[in-house]
Amino acid sequence: MLNRRAFITKSAIGVSSVAAAQLIHLPVFAATPPDNTLVISTWDFGIAANQAAWKVLQQGGRALDAVETGVKVAEEDLDNHTVGRAGYPDREGRVTLDACIMDEYGNCGSVAALENIAHPIAVARLVMEKTPHVMLVGQGAMQFAVQQGFKNEKLLTPEAEAAWKEWLKDKTYKPPVNIENKKKPGSRYNHDTIGMLAIDSKGNISGACSTSGLAFKMRGRVGDSPIIGAGLFVDNEVGAATATGVGEEVIRVAGSALIVELMRQGYPPKAACKEVVERIIKKRKDAVKDSQVGFLAINKKGEYGAYAIQNDFTFAVSTSRKQDILVTATSYYK
Ligand code: SD4
């Protein structure tokens with residue numbers, strides 16, 4: 001005669017162990033869903049931003065709240081001259097900020113060329129939640145922010161102003177080449193836009209992106225960062241992507257939306273990022289040989305990946321297994 005253990009083992013060969021347990025009236029527990037909780041963001045300062053976002057996720061918070069909270073850390077960082085307060089100004093000395101946010105329902109909000117408001121990502125979220133529109137720009141965006149209670153304040157710091165005055169001496173501006181300050185010794189590219197993607201404990205995905213754009217840009221210039229589909233895209237069924245680098249190149253290929261569509265077709269995140277970088281290079285090899293574009297992507301399974309044109313694109317990763325990890329993305333040029 002079979003004892004109970006042998007019965008379950010033998011039965012499990014022919015039927016599932018759940019069915020076997022039901023046969024002998026053992027309680028059946030639903031399989032625990034995989035823990036895909038994840039936050040990932042661009043560049044070294046993504047570590048500090050991730051830490052703030054991770055706290056929200058750990059408390060069971062929504063990915064949307066996590067990405068807004070994380071991105072605000074970069075917007076407040078006075079050492080970061082291409083996001084939020086202390087961002088480098090345009091050619092006329094005005095700090096103009098771009099940001100967008102997208103949630104698991106496909107809701108999105110965006111601001112571009114926003115002046116005097118320190119947290120463009122929070123304004124983008126309110127555009128999403130409180131207006132019938134997706135994008136507000138310039139004066140209208142500022143007016144909306146002030147109506148919503150944001151402080152109208154000067155964002156140009158003495159350091160950023162000094163850098164601009166230095167730039168004014170010869171006014172060299174070559175749009176395809178990043179001319180931001182070389183903060184890291186040895187680094188030719190110091191892009192600091194923050195793009196952040198997260199999956200919460202319910203498995204829902206959101207993303208956010210914030211920047212002051214390319215330093216000393218033309219007045220009125222807007223890059224990819226506030227453009228849904230270019231600097232950021234989220235599809236809760238598939239995954240999400242975000243971009244950093246020369247926005248014009250990202251817009252030309254609808255970079256983030258394209259990465260998500262490639263993942264829908266089965267590409268893993270890194271392969272999808274690589275495919276889009278290679279498309280940029282195929283069409284614009286000469287134009288981008290000295291420019292940086294980096295993409296980050298996550299899929300619904302909690303897998304992540306990145307790929308860049310140039311070799312110094314770092315990103316920060318936090319999962320329930322590991323925290324504060326800084327990874328250097330694989331790149332087309334070594
Ligand atoms: C832009 N993509 O305005 C932004 C700049 C950037 O790292 O990412 N810098 O084009």
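We count ligands from 1, going down the list as the structure has it; atoms in each ligand are counted the same way.
- S212 places no side-chain N or O within donor-acceptor distance of the main-chain N or O of L97, the cut-off being under 3.5 Å.
- Set against the non-hydrogen atoms of L214, the atoms of ligand 1 under 4.0 Å away are 3 (O), 5 (C).
- Residue T244 has at least one heavy-atom neighbour below 4.0 Å for each of these atoms of ligand 1: 6 (C), 7 (O), 8 (O), 9 (N).
- Partner I121 forms a side chain to side chain contact (heavy atoms under 4.5 Å, CB included) with one of T69, V83, I101 and no other, that one being I101.
- Below 3.5 Å of separation, one finds an N or O of G247 facing an N or O of ligand 1.
- Per-residue contacts place G213 under 4.0 angstrom from the following atoms of ligand 1 (heavy atoms of the residue considered): 3 (O).
- Remark: R321 does not engage D35 in a salt bridge, criterion side-chain N to carboxylate O under 4.0 Å.
- Note on E115 versus R94: salt bridge recorded, some NZ/NE/NH1/NH2 to OD/OE distance being below 4.0 Å.
- The heavy atom nearest to atom 5 (C) of ligand 1, considering only A230, S212, S210, G245, is found in G245.
- Which parts of ligand 1 touch D224 is read off a 4.0 Å heavy-atom cut-off, strictly below it: atoms 1 (C), 2 (N), 4 (C), 10 (O).
- No side-chain donor from either of H119 and E68 sits under 3.5 Å from a side-chain acceptor of the other.
- Which parts of ligand 1 touch S225 is read off a 4.0 Å heavy-atom cut-off, strictly below it: atoms 2 (N), 4 (C).
- Classification of E104 and K202 as a salt-bridged pair fails, no side-chain N sitting under 4.0 Å from a carboxylate O.
- For ligand 1, the polar-atom distance check against R221 finds a nitrogen or oxygen pair separated by under 3.5 Å.
- Rounded to the nearest 0.5 angstrom, M142 CE and I117 CD1 are separated by 7.0 Å.
- For ligand 1, the polar-atom distance check finds no N/O of W43 at less than 3.5 Å from any of the ligand's N/O atoms.
- Inclusion of T193 in the set of residues having an N or O under 3.5 Å from an N or O of ligand 1 is warranted.
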